[in-house]
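See structure below.
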Amino acid sequence: MTLRGRLRNPTGRTPPRRLDVLQGLSFDVARGEFFGIVGKNGSGKSTLLKLLASVYRADAGSIRIAGRLAPFLELGVGFNPELTALDNVVLNGVMMGLSQGEARRRFGEIIEFAGLGEYTDLQVKNYSSGMKVRLGFAVMTHVDADVLLIDEVLAVGDAEFQEKCGEVFERMHREGRTMILVTHSMQTVIAYCERALLLEDGRIDTIGGPDRVAERYYAVNLKAAMDRPGAALPDIAARIVSAIADPAARITDAWLVDSEGERQHVLERGQRIELRAQIRVEQGFEGLYFHFQISSTDGRTVFASDRAALGEDRFATAAGRGLEVAASVENLLPPGRYTIACDVSRGPEDPAGPRKIVRLEVAGEPWQGTISLEHEISVTENSAEPVVGR
Amino acid sequence: MSSRSETLELRPIRGPSAFGGGLRRTWDLLWLTSVTDFRLRYTNTLLGYSWSVLKPFLFFGIIYLVINQVLRFGGEVKDYPMLLILNLVIFQYFQETTSTALRSISSKEPMVRKMQFPRIVIPLSVSLSAAISLLSNLIGVFLLFLVVGLDPRASWLLLPVVLLALIVLTTALSMFLSVAYVRSEDVGQAWTLLLRVLFYATPILYPLDIDAIPDSIRSVIAANPLSPLLEQARIWVIDAGAPSTVELVGGVMGAAVPLLISVVVCVAGFWLFNREAPRVAEAL
């Protein structure tokens with residue numbers, strides 16, 4: 001630093017720079033709605049959530065809310081490691097707006113929900129991280145708020161915990177609570193949210209149905225990866241971008257049908273999955289290929305189909321034509337929530353165009369394991385080798 | 001679970017603030033955090049809570065040894081050891097509260113950045129849990145007074161007036177320091193230094209009426225807002241014949257200076273805290 005610069009700025013600190021994180025945002029969330037907020041890192045999601053949670057104050061504009069709001073920006077953030085579960089639950093409950101007495105009364109319920117009944121006297125610092133998360137989540141579900149703000153909660157914990165989260169979100173939603181969920185997972189958005197908001201550089205990019213938002217999210221993310229300065233654009237990346245920006249065909253609609261041919265996204269366990277998709281060809285091309293994959297809410301791909309040719313000749317895939325695809329899949333899925341992402345590509349090895357995402361719910365009792373197989377267990381007595389006590 | 005059919009009114013969210021969030025909740029939070037802070041401070045120690053009482057007494061022992069036995073000071077002051085320990089206990093509250101409160105907001109960073117609650121709870125809980133310590137120490141001090149044969153007087157009951165003024169002043173200062181520290185960590189260094197200066201510039205080790213103090217220095221020390229508090233505590237608790245602050249500085253005008261400074265500190269504390277509280281989460 002020059003002497004002159006040193007004199008002007010004696011402490012040598014870089015002067016603070018003004019950064020407008022959010023601009024021109026305006027949206028409503030209806031009471032009882034399950035609303036998603038998505039966007040890539042740095043798009044302003046967390047700032048928006050913190051404004052809603054009264055952690056930050058907006059420089060301009062107004063936010064209004066009906067009823068009591070409980071923010072869960074991080075599970076168990078208020079926990080003091082030196083305290084026991086009881087003390088922490090009471091402190092956390094009061095933070096979230098319960099009275100002290102109410103928080104104490106609910107402790108039993110909370111600890112039972114968290115499955116930590118044997119560990120109530122233990123200091124929280126001796127809890128495993130999973131136990132802490134469970135306790136935090138249990139508090140969250142018992143604070144009786146009208147609006148819940150949830151940030152990436154589903155990203156922590158194992159598959160079983162995520163499944164439980166899903167059930168609880170559903171239950172709270174049924175009770176008429178308003179749920180606002182910030183997430184990176186499009187599977188989660190599609191499985192749970194009724195509407196969603198895509199933030200891009202602090203502005204609303206898209207607001208509306210979760211599938212539309214998810215499609216935009218993928219497109220925006222891909223574009224951002226390509227626009228990064230200095231990044232050499234590999235051939236394959238360029239083809240991925242052009243496949244999405246300038247697709248050979250678009251899937252205009254996709255849905256599941258039941259045995260009567262009616263649209264239905266809830267299936268019984270073991271009931272065959274019947275997928276239908278409406279495709280509009282944008283550019284005549286030698287061959288179009290349809291493909292879909294089923295994912296669980298934690299983002300795992302459970303099943304990916306073959307790429308199926310939709311007609312080999314130019315005529316079959318002439319621009320402007322509409323095609324309807326029907327796919328039928330054996331259903332070995334355990335009960336739970338899934339998404340089916342469908343896409344069309346120009347060739348079997350080519351990058352896929354914009355995806356259309358369908359939600360699927362398999363009804364039934366919770367299931368252990370990754371697939372649900374038909375099975376029978378029978379018992380016969382074997383008298384030839386009697387059991388002898390030793 | 002209650003039904004959600006009742007109509008709810010839309011009300012604006014103004015973001016975090018120093019005081020907002022309901023009196024009941026603020027009080028609940030304040031009480032819970034203060035009590036747990038107080039409890040936690042001694043949970044992992046062998047002697048537990050007795051440290052809280054032991055600390056000022058041990059400190060007193062050393063200082064008394066040096067000042068009275070080595071330097072031979074205090075002989076002419078009535079009940080000097082009693083005065084010394086009372087002063088030390090009171091100053092310890094001031095020192096502990098302000099230096100803990102200074103870092104209180106930044107040490108609770110995860111909570112401040114992730115949760116919504118009236119920010120005032122943070123410095124207030126520091127002050128409250130230190131006040132609990134102060135009271136328990138004073139009980140020890142007064143028990144000692146009775147044991148060594150200081151005659152109980154009705155004016156002992158007036159001490160809470162001094163304590164109240166002390167707590168208000170200390171709390172306001174703590175509020176000021178807690179948000180100032182978030183803006184600039186230099187405040188931390190400066191305050192450590194200033195506390196050391198204040199320890200000697202407050203009539204703790206000596207009363208203000210001793211002849212050895214030149215008048216010019218006496219008027220400076222008398223301007224310290226803590227001085228009249230300690231002098232008044234001395235009159236009410238130790239020595240009814242000790243001169244009042246007005247007598248010491250020779251007039252009401254002089255006595256008004258520390259009062260004025262106290263008022264300025266209180267107003268500045270509330271003002272700055274109220275102004276900065278909505279933004280501390282971003283500034284951390």
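Within every chain, numbering begins at 1; the chains are lettered A, B, ... in the order of the sequence lines, protein sequences first and strands thereafter. Just so it is clear, the model here is predicted, and its values are computed rather than measured. No hydrogens, no waters, no symmetry mates; every other heavy atom, side chains included, goes into these values.
- Of the candidates Val182(B), Leu194(B), Leu102(B), Thr192(B), Leu102(B) is the only one forming a side-chain contact (heavy atoms from CB on, under 4.5 Å) with Val187(B).
- Comparing Arg68(A), Met96(A), Met95(A), Glu82(A) by heavy-atom pairs within less than 4.5 Å of chain B, the highest count is held by Met95(A).
- When heavy atoms are compared at a cutoff of 4.5 Å, Leu49(A) does not approach chain B at all.
- Contact residues of residues 268-277 of chain B toward chain A are absent (heavy-atom distance under 4.5 Å).
- Looking at Leu10(B), both its backbone and its side chain come within 4.5 Å of chain A, counting heavy atoms on both sides.
- Judged as a ring-ring contact (aromatic ring centres under 6.0 Å, His included), the pairs with a partner in residues 91-137 of chain B (not counting sequence neighbours) are, in order, Phe91(B)-Phe94(B), Phe91(B)-Phe199(B).
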Exercise. Stepwise, does the salt bridge (Lys or Arg N to Asp or Glu O under 4.0 Å) test hold for Arg64(A) with Asp28(A)?
Worked result: CA-CA 9 Å; Arg64(A) 291 191 307 156; Asp28(A) 293 300; over 6 Å; no
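- Between Val139(A) and Gly93(A), the closest heavy-atom pair is CG1-N, 4.4 Å.
- When heavy atoms are compared at a cutoff of 4.5 Å, Leu51(A) approaches chain B solely by way of its backbone atoms N, CA, C and O.
- Atom CH2 of residue Trp31(B) and atom CG of residue Leu124(B) lie 13.5 Å apart, to the nearest 0.5 angstrom.
- The aromatic rings of Tyr192(A) and Phe34(A) lie parallel to each other, their planes meeting at an angle below 30°, with 60° marking the opposite boundary.
- Note on residues 161-175 of chain B: no pairs pass salt bridge (Lys or Arg N to Asp or Glu O under 4.0 Å), not counting sequence neighbours.
- Aromatic rings from Tyr127(A) and Phe79(A) are positioned such that their centres are separated by 6.0 Å or more.
- Taking CZ of Arg134(A) as the reference point, atom CD1 of Ile111(A) lies at 10.0 Å (rounded to 0.5 Å).
- Residues Ser127(B) and Thr170(B) form no side-chain contact, since every pair of their non-hydrogen atoms from C-beta on lies 4.5 Å or further apart.
- With a 4.5 Å cut-off on side-chain heavy atoms, Val90(A) and Phe107(A) do not count as touching.
- Of all residues in residues 105-114 of chain B, those placing a non-hydrogen atom less than 4.5 angstrom from a non-hydrogen atom of chain A are Pro110(B), Met111(B), Val112(B), Arg113(B), Lys114(B).
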